[in-house]
Amino acid sequence: LVFVWQNQRSDNAITDEQGKTVRLCRMTMHGKTRPSPTQGADIREGALIADEESSRALAAATSKTGALTLSFVTQISDATKDGVVVCYGMPGKPAALMVEQKSGELVATLTADGRTSVTLGKIMPNAPQHWAVVIEKTGIRSLKDGKLTARKEGPVSMKNWVQASLHFGRDADGGNSWRGWIEGIEILDRALSDQEIAMLHDTAAAEWSKRKPAPRIVVEAELVESSKTPDPVNIRPYLRS
């Protein structure tokens, strides 16, 4: 692993062979993004952005091995709204790797060496789905829910990868906003086999089966009075940030 973010409650730690923590992977929520009911990220008019140290480690590892596996879980309520789910790139430049929601499907595009696109599969609204993109020197593969959906054969080079920003929910320029839940993010510096990815899906699916929907409560209320917003000058210094 070179990057991991399971959810808000997980350690999200990269460990060595002895189990010692080497690095923690941190993400910050931007815009209206907030924790999802499953402690992942509910992205809406914003993004989930990885820390600079993680982005630097990702670029160093993948350019050295020439391979990458991106694995993540989404739950999307509106399959008709397009947007950028994952972006690894710099502002003003073509993204090295981008996963987009287009016309009810997820599509991955790699621009590290030329331009190659594969379709991950169709979105099933309001249900968790596991997605994976595998990049290796001989081509690129995509999988949905542990099953192969596309394969593009041909030489792929990632030697020109440079440190960039890792965004979830929009592109590096802050546009093409996406809306949905995301969690279970893992990036490795090698190409996982189809069998290994199937195991990742099975592990995620076992976790989904344990989840119970939160009880729904409907409140009918009438606004009687609104509190006044205090002037910033009158509450200096504000220490409860």
Side-chain angles (χ1 to χ4, degrees), residues 3-13 23-55 72-92 95 98-102 104 106 123-129 131 164-186 204 207-241:
F3 183 81
V4 57
W5 192 85
Q6 292 294 340
N7 55 49
Q8 290 268 97
R9 291 181 175 175
S10 297
D11 292 336
N12 301 318
R23 176 169 50 84
L24 295 177
C25 300
R26 298 179 174 88
M27 298 264 251
T28 53
M29 295 184 178
H30 293 255
K32 296 182 180 180
T33 300
R34 63 193 70 179
S36 70
T38 59
Q39 293 304 309
D42 179 1
I43 300 177
R44 53 177 78 185
E45 298 178 31
L48 192 64
I49 302 179
D51 63 290
E52 186 176 343
E53 184 180 4
S54 294
S55 297
F72 59 96
V73 174
T74 64
Q75 185 164 325
I76 302 169
S77 57
D78 186 358
T80 65
K81 186 181 184 302
D82 294 348
V84 173
V85 184
V86 186
C87 175
Y88 183 71
M90 295 293 290
M98 186 176 293
V99 179
E100 300 173 87
Q101 178 175 330
K102 292 183 177 181
L106 290 196
I123 297 166
M124 182 183 298
N126 302 308
Q129 290 180 283
W131 311 90
S165 297
L166 180 59
H167 291 66
F168 298 87
R170 68 185 185 195
D171 60 28
D173 293 308
N176 296 311
S177 177
W178 173 76
R179 182 163 183 168
W181 297 359
I182 192 165
E183 60 182 292
I185 302 167
E186 294 187 4
E207 176 63 27
W208 306 337
S209 66
K210 299 176 185 177
R211 294 175 178 173
K212 297 180 180 179
R216 185 181 183 190
I217 300 174
V218 179
V219 177
E220 294 185 3
E222 180 180 350
L223 179 65
V224 176
E225 182 181 1
S226 297
S227 58
K228 295 181 179 179
T229 303
D231 191 300
V233 175
N234 297 327
I235 59 173
R236 288 180 179 174
Y238 184 68
L239 303 176
R240 296 177 58 193
S241 61

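Numbers here simply count residues along the sequence, with the first being 1.
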Any non-hydrogen side-chain atom of [X] less than 4.5 Å from a side-chain atom of [Y]?
X      : Y      : answer
Glu45  : Arg179 : no
Ser54  : Arg23  : yes
Gln8   : Met29  : yes
Ile123 : Gln101 : yes
Thr28  : His30  : yes

Closest approach of [X] and [Y], non-hydrogen atoms and distance?
X      : Y      : answer
His167 : Arg170 : CB-O, 3.4 Å
Gly46  : Thr33  : C-OG1, 3.7 Å
Ala41  : Trp5   : N-CH2, 3.9 Å

Distance only, no hydrogens: is a donor on one side chain within 3.5 Å (strictly under) of an acceptor on the other, for Glu183 and Ser36?
no

Taking Met124's backbone N and O only, do any of them form a donor-acceptor pair with Gln129's side chain (distance below 3.5 Å, no angle check)?
yes

Quick check against the 3.5 Å criterion: does Asn12 have a side-chain atom that pairs as donor or acceptor with the backbone of Asn7?
yes

Distance-only donor-acceptor pairs under 3.5 Å for side chains of residues 73-91, two or more places apart:
{"from": "Thr74", "atom 1": "OG1", "to": "Trp131", "atom 2": "NE1", "distance (Å)": "2.8"}
{"from": "Asp78", "atom 1": "OD1", "to": "Thr80", "atom 2": "N", "distance (Å)": "3.0"}
{"from": "Asp78", "atom 1": "OD1", "to": "Thr80", "atom 2": "OG1", "distance (Å)": "2.5"}
{"from": "Lys81", "atom 1": "NZ", "to": "Ser177", "atom 2": "O", "distance (Å)": "3.0"}
{"from": "Asp82", "atom 1": "OD1", "to": "Ser103", "atom 2": "N", "distance (Å)": "3.0"}
{"from": "Tyr88", "atom 1": "OH", "to": "Ser55", "atom 2": "O", "distance (Å)": "3.4"}
{"from": "Tyr88", "atom 1": "OH", "to": "Val162", "atom 2": "O", "distance (Å)": "3.3"}
{"from": "Tyr88", "atom 1": "OH", "to": "Ala164", "atom 2": "N", "distance (Å)": "3.2"}

More than 12 heavy atoms of other groups within 6.0 Å of Arg211 CZ
yes

Look at atom CD of Gln39 and say whether more than 12 heavy atoms of other residues, nucleotides or ligands are closer to it than 6.0 Å.
yes

For the atom pair [atom1] ([X]) and [atom2] ([Y]), what is the distance rounded to the nearest 0.5 Å?
X      : Y      : atom1 : atom2 : result
Leu166 : Leu48  : CG    : CG    : 8.5 Å
Phe3   : Glu186 : CZ    : CD    : 10.5 Å
Ile43  : Trp181 : CD1   : CH2   : 12.5 Å

Assess whether side-chain contact (heavy atoms from CB on, under 4.5 Å) is satisfied between Glu100 and Asn176, documenting all intermediate values.
CA-CA 9 Å; Glu100 300 173 87; Asn176 296 311; 5.5 Å; no

Applying side chain to side chain contact (heavy atoms under 4.5 Å, CB included), name anything that partners Arg216, two or more places apart in sequence or on another chain.
Val218

Quick one: salt bridge (Lys or Arg N to Asp or Glu O under 4.0 Å) pairs with a partner in residues 224-237, sequence neighbours left out?
none

